[in-house]
Each structure stands twice: as structure tokens, then as C-alpha cells.
Amino acid sequence: MDTMTLEQMQWMIMGVMVLLMVVLLIMFIAQAVKLKKLRRKYDLMMEGTGVNDLENIIIEMKEHIYALREEQSEHTKQVSGIHQQMKKMKSNVGFLRYNPFQGNGSDLSFSLAIVNDEQDGIVLSALHSRENTYVYAKPVEQGESKYPLSPEEMEALNLAQRKN
């Protein structure tokens, strides 16, 4: 009986080993199928790149990103410089036509104010009469002139300042 039990145990161990081998074979086949699908996806992704190594592509992309960041930094500096220059540009304009001689003539006289964002610039006035035309230029610093401004010149300056 003892030998029979031993023989039965051997068959049982062999059965467990066969079962284990079948399970391992199924796991191996499943992994092979998954690997084949993954390889197919990888090949589709890499198709047409001319590179067989994903690591090289990632390295190239990283270098490209660094180059783009450097260019972006340079562009940011350039835009900042342009922004600073634009603040100093005399781009705010106020224009007023008027008749300085009540009742005579028409509104051929004018005052023109040209200032930048810091309110620095100039006020030009032209007074037109039948015989002559007089032109005056008055500098403006921080919205004020060291020369007295006429009401029309002040209005032209106010018009230019409102465009900020």
C-alpha cells in the first residue's frame, strides 16, 4: 500500500507539474500576444520617422524644446524692448480747429498736441489771418509746458492725453 501511495503521489506531482506547465504556457502565449500588439503600435508610431529608436526621437524633441525656449526668451526680450520704445513714441495726438478772431474768417487755425505715454511731446499752433499765418511750437513735459498754453492748446493737449 505504501508503494501505491508513493506511486499515486508521483502521479499527483506529475499532474500538478503538467498543470503548472500548461498555465505557464498559457501565460507565455498571452504575453507574446500582448507584446506583438505593443510592437505593432510602436511600429505604427515610428513609421515614416526614419528613426528606429524612440530614445533618439525623445532626445531630439528635448533639444528642440530647449531651442524653442531660448528663442522664446529672445523674443520676450525683443517685445519688452519694443514696448519700452513705444512708451516714448509720440503717438497720442489731439487736434483742434478753431477761429481765433471771433466774427472774422473761419476755423483755419489749429492746435495740434503730440505726446507719448509719459505725456512728453509738443503742442503746435497755427494762427491764420487774412494777411499772415503764425506757427508756434511749445514743448510739453509730463503733461505741462513751461510756456503758457492758450485754452485751445490746452484742449488739444487734453484730447491727446485722453487717448492713453
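Keep in mind that the numbers below use all heavy atoms, side chains included, and drop hydrogens, waters and symmetry copies.
For residues 63-86, no pair satisfies salt bridge (charged side-chain N to carboxylate O under 4.0 Å, His left out), with sequence neighbours left out. The salt bridge (charged side-chain N to carboxylate O under 4.0 Å, His left out) pairs that include a residue from residues 30-46 are Arg39-Asp43, where partners are two or more places apart or lie in different chains.
Residues Leu68 and Gln72 are not in side-chain contact: their nearest non-hydrogen atoms beyond the backbone lie 4.5 Å or more apart.
Under a 4.5 Å side-chain heavy-atom criterion applied to ILVMFWY residues, the cluster that includes Ile13 comprises Met17 as well. Grouped with Val16 in a hydrophobic cluster is no other residue, since no side-chain heavy-atom contact under 4.5 Å to another Ile, Leu, Val, Met, Phe, Trp or Tyr is found. Summarising the hydrophobic clusters (Ile, Leu, Val, Met, Phe, Trp, Tyr; side-chain heavy atoms under 4.5 Å, direct or chained), the residues clustered with Leu20 are Leu24. Grouped by direct or indirect side-chain proximity (heavy atoms under 4.5 Å, Ile/Leu/Val/Met/Phe/Trp/Tyr only), Leu19 sits alone.
Take Asn132 and apply the side-chain contact (heavy atoms from CB on, under 4.5 Å) test, not counting sequence neighbours, and it matches Ser129, Tyr134. By the side-chain contact (heavy atoms from CB on, under 4.5 Å) test, Val79 pairs with no residue at all, sequence neighbours left out. Remark: Thr133 pairs with His128 by the side chain to side chain donor-acceptor pair (under 3.5 Å) rule, at least two apart or across chains. In this structure, the side-chain contact (heavy atoms from CB on, under 4.5 Å) partners of Ile114, at least two apart in sequence or on a different chain, are Lys90, Val93, Leu112, Ile122.
Nearest heavy-atom pair across Gly94 and Leu159 is CA-CB, 3.8 Å. Annotation for Ser125 and Ser111: closest pair OG-OG, 2.9 Å, computed over non-hydrogen atoms.
Note that CG of Asn99 is 10.0 Å distant from CD of Glu152, once rounded to the nearest 0.5 Å. Between atom OH of residue Tyr98 and atom OG of residue Ser150 there is a gap of 5.0 Å, rounded to the nearest 0.5 Å. The CG atom of Leu96 sits 12.5 Å away from the CE atom of Met154 when rounded to the nearest 0.5 Å. With rounding to the nearest 0.5 angstrom, the OH atom of Tyr136 is 13.5 Å from the CG atom of Leu149. Rounded to the nearest 0.5 Å, atoms CG (Leu38) and CD (Gln31) are 10.5 Å apart.
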Kindly indicate, with the supporting measurements, whether the criterion side-chain contact (heavy atoms from CB on, under 4.5 Å) is fulfilled by Val23 and Met27.
-> CA-CA 6 Å; Val23 169; Met27 288 176 58; 4.1 Å; yes
Donor-acceptor list for residues 138-145 side chains, cut-off 3.5 Å, not counting sequence neighbours:
| from | atom 1 | to | atom 2 | distance (Å) |
| --- | --- | --- | --- | --- |
| Lys138 | NZ | Pro148 | O | 2.6 |
| Lys138 | NZ | Glu153 | OE1 | 2.9 |
| Lys138 | NZ | Glu153 | OE2 | 3.4 |
| Ser145 | OG | Pro139 | O | 2.8 |
| Ser145 | OG | Tyr147 | N | 3.1 |
| Ser145 | OG | Tyr147 | O | 3.4 |

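Leu25 is not connected to Val22 by any chain of hydrophobic side-chain contacts under 4.5 Å among Ile, Leu, Val, Met, Phe, Trp and Tyr, and they are in different clusters.
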